[in-house]
Asks: 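Following this message is one structure expressed as structure tokens.
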Amino acid sequence: MYWGIGALGAALVAGMAYRKQSLSLSGMTAAILMGTVYFGAAQGAWFWFGLLLLFFISSSILSKVKAERKHELEKSYAKTGRRDAGQVFANGGAGMAACLGYAIWPDPFWAYFVLGTLAAVTADTWATELGGLSRRQPRSLLTWRPVPAGTSGGVSLLGSGAALLGALMIGGAGWLLLAWPEWESWAVWLGLGETVSGWVGSLGQFAGGSREGSIALPMGLSLGQWLLIGGTSGFVGAYVDSLLGATVQRMYRCPVCDKQVEVEAHCGKPTLPDRGLVWMNNDAVNILSALAAGLIAAGLGLWLG
């Protein structure tokens with residue numbers, strides 16, 4: 001049942017995203033598969049699917065903010081605001097594998113790991129979407145010298161602040177999604193009445209999924225601890241992404257404007273290899289930074305728990 005519900009919900013969200021041009025056709029297909037696994041493997045526990053949904057919706061909204069100002073920058077990016085299958089799996093694939101790991105071996109490790117990976121990709125996406133609007137020139141993470149906007153490995157105060165906020169949002173959402181047994185008591189405390197309180201309690205039980213799906217989830221951490229886990233892992237993960245982008249990511253040089261870019265064609269001309277490992281494209285950078293953040297979150301969570 002949970003796999004079917006997951007597939008239906010994922011298809012609905014991905015279909016709307018495709019219509020809004022936030023996903024390509026391959027991206028929509030990948031998103032349906034991913035959403036199905038996030039919900040089905042966890043037997044309906046909303047912690048997993050809810051975090052994925054929050055990342056996707058917030059990132060899609062931010063990609064539309066002042067899109068005309070970011071259009072020129074996107075010409076230098078290997079990936080744009082319309083995500084393809086590679087980008088979908090690069091952002092959520094590590095978490096999807098962790099959901100399957102949880103289904104096979106229920107352990108709090110997987111929940112912390114998923115939260116860390118999604119905190120990192122959220123932080124990185126928010127930094128890219130909002131940092132690109134900064135009026136101040138970004139600086140190289142390696143040399144701290146000013147670099148052109150859109151340069152891989154460039155950071156800004158606005159982008160860093162956005163990264164931290166995105167990571168904290170995922171951490172706070174993790175706590176909220178795990179607090180479902182308390183939803184009914186909160187409603188009573190707020191004086192919402194027995195009918196509304198009962199409905200809220202039922203919604204909370206639905207959010208928890210089956211007993212088997214929630215039995216190994218970490219329920220005992222405070223909001224502050226979840227913010228620490230999400231904020232730290234996500235922010236560090238975003239900076240790992242920037243560090244990889246500044247050092248080993250495959251980059252090209254445009255022969256027309258002499259700009260360093262991620263794409264193989266720029267200004268209407270083929271670009272020339274400039275630096276980096278051949279296989280280290282933008283998707284590989286995202287996967288590695290998400291894995292690093294997941295391990296950081298798991299370490300923090302197990303230590304605090």
Side-chain angles (χ1 to χ4, degrees), residues 2-3 5-18 20 22-42 44-63 78-103 109-129 163 166-167 169-171 173-174 177 230 233-234 237-238 240-241 244 281-298:
Y2 293 114
W3 290 92
I5 294 174
L8 182 61
L12 181 62
V13 174
M16 290 190 294
Y18 177 75
K20 294 291 185 180
S22 294
L23 290 173
S24 67
L25 182 59
S26 69
M28 179 183 71
T29 304
I32 293 173
L33 172 62
M34 183 170 294
T36 302
V37 172
Y38 267 77
F39 196 82
W46 265 83
F47 174 81
W48 318 83
F49 189 79
L51 292 179
L52 177 68
L53 199 61
L54 184 58
F55 154 68
F56 177 70
I57 292 176
S58 66
S59 300
S60 297
I61 291 173
L62 289 182
S63 70
K79 304 291 183 176
T80 63
R82 191 171 196 186
R83 297 174 176 84
D84 60 15
Q87 198 170 5
V88 169
F89 284 124
N91 286 326
M96 183 172 69
C99 288
L100 293 172
Y102 181 85
F109 170 88
W110 302 112
Y112 297 129
F113 183 86
V114 165
L115 184 127
T117 64
L118 291 175
V121 297
T122 301
D124 178 58
T125 304
W126 282 34
T128 300
E129 297 295 347
M169 178 192 71
I170 294 295
L177 289 167
S233 62
V240 169
D241 186 288
L244 293 174
N281 59 15
N282 183 262
D283 288 339
V285 167
N286 287 340
I287 291 171
L288 291 176
S289 58
L291 288 172
L295 292 174
I296 292 171

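None of the values given here were measured: they were computed from a predicted structure. Quick note: numbers below take in every heavy atom, side chains included, and nothing from hydrogens, waters or symmetry partners.
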Asks: Write down the atom of A14, the atom of A31, and the distance for their closest heavy-atom approach.
Replies: CB-CB, 4.0 Å
Asks: Rounded to the nearest 0.5 Å, how far does OG1 of T29 lie from CG of L33?
Replies: 9.0 Å
Asks: Give, for atom CG of D241 and atom OG1 of T128, the distance between the pair rounded to the nearest 0.5 Å.
Replies: 7.0 Å
Asks: The criterion is ring-ring contact (aromatic ring centres under 6.0 Å, His included); which residues satisfy it with F49, sequence neighbours excluded?
Replies: F39, W46
Asks: So which atom in L100 and which in A41 form the shortest heavy-atom distance, rounded to 0.1 Å?
Replies: CD2-CB, 4.2 Å
Asks: Check whether any side-chain heavy atom of L288 lies under 4.5 Å from a side-chain heavy atom of V240, and answer yes or no.
Replies: no
Asks: Nearest 0.5 angstrom please: M169 CE to L51 CG, how far?
Replies: 9.0 Å
Asks: List in chain and number order the residues that pass side-chain contact (heavy atoms from CB on, under 4.5 Å) with I57, two or more places apart in sequence or in another chain; answer none if no residue qualifies.
Replies: L53, I61
Asks: Looking at every non-hydrogen atom in both residues, tell me the closest pair between V114 and A98 and how far apart they are.
Replies: CG2-CB, 3.4 Å
Asks: Between S59 (side chain only) and F56 (backbone N and O only), is there a donor and an acceptor less than 3.5 Å apart?
Replies: no
Asks: Mind listing the closest non-hydrogen atom pair of G174 and L115 along with its distance?
Replies: CA-CD1, 3.8 Å
Asks: Say you draw a straight line from CG of L291 to CG of N286; how long is it, rounded to the nearest 0.5 Å?
Replies: 11.0 Å
Asks: Please tabulate, one pair per line, all N/O donor-acceptor pairs under 3.5 Å involving side-chain atoms of residues 119-126, not counting sequence neighbours.
Replies:
| residue | atom | partner | partner atom | Å |
| --- | --- | --- | --- | --- |
| T122 | OG1 | L118 | O | 2.6 |
| T125 | OG1 | V121 | O | 2.7 |
| W126 | NE1 | S58 | OG | 3.3 |

Asks: Could you pull out the closest heavy-atom pair between M34 and F89, with the gap in Å?
Replies: CE-CD2, 3.6 Å
Asks: Measure across A94 and T117 and return the closest heavy-atom pair with its distance rounded to 0.1 Å.
Replies: CB-CG2, 4.1 Å
Asks: List the steps, then state whether side chain to side chain contact (heavy atoms under 4.5 Å, CB included) holds for S60 with R83.
Replies: CA-CA 9 Å; S60 297; R83 297 174 176 84; 3.7 Å; yes
Asks: Going from OG on S63 to NZ on K20, what distance comes out if it is rounded to the nearest 0.5 angstrom?
Replies: 12.0 Å
Asks: Measure up the F109 and F113 rings against each other and bin them: parallel (under 30°), tilted (30 to 60°), perpendicular (over 60°).
Replies: parallel
Asks: Does some side-chain heavy atom of W48 sit less than 4.5 Å from a side-chain heavy atom of V37?
Replies: no
Asks: Rounded to the nearest 0.5 Å, what separates atom CD1 in I170 from atom CG in L52?
Replies: 9.0 Å
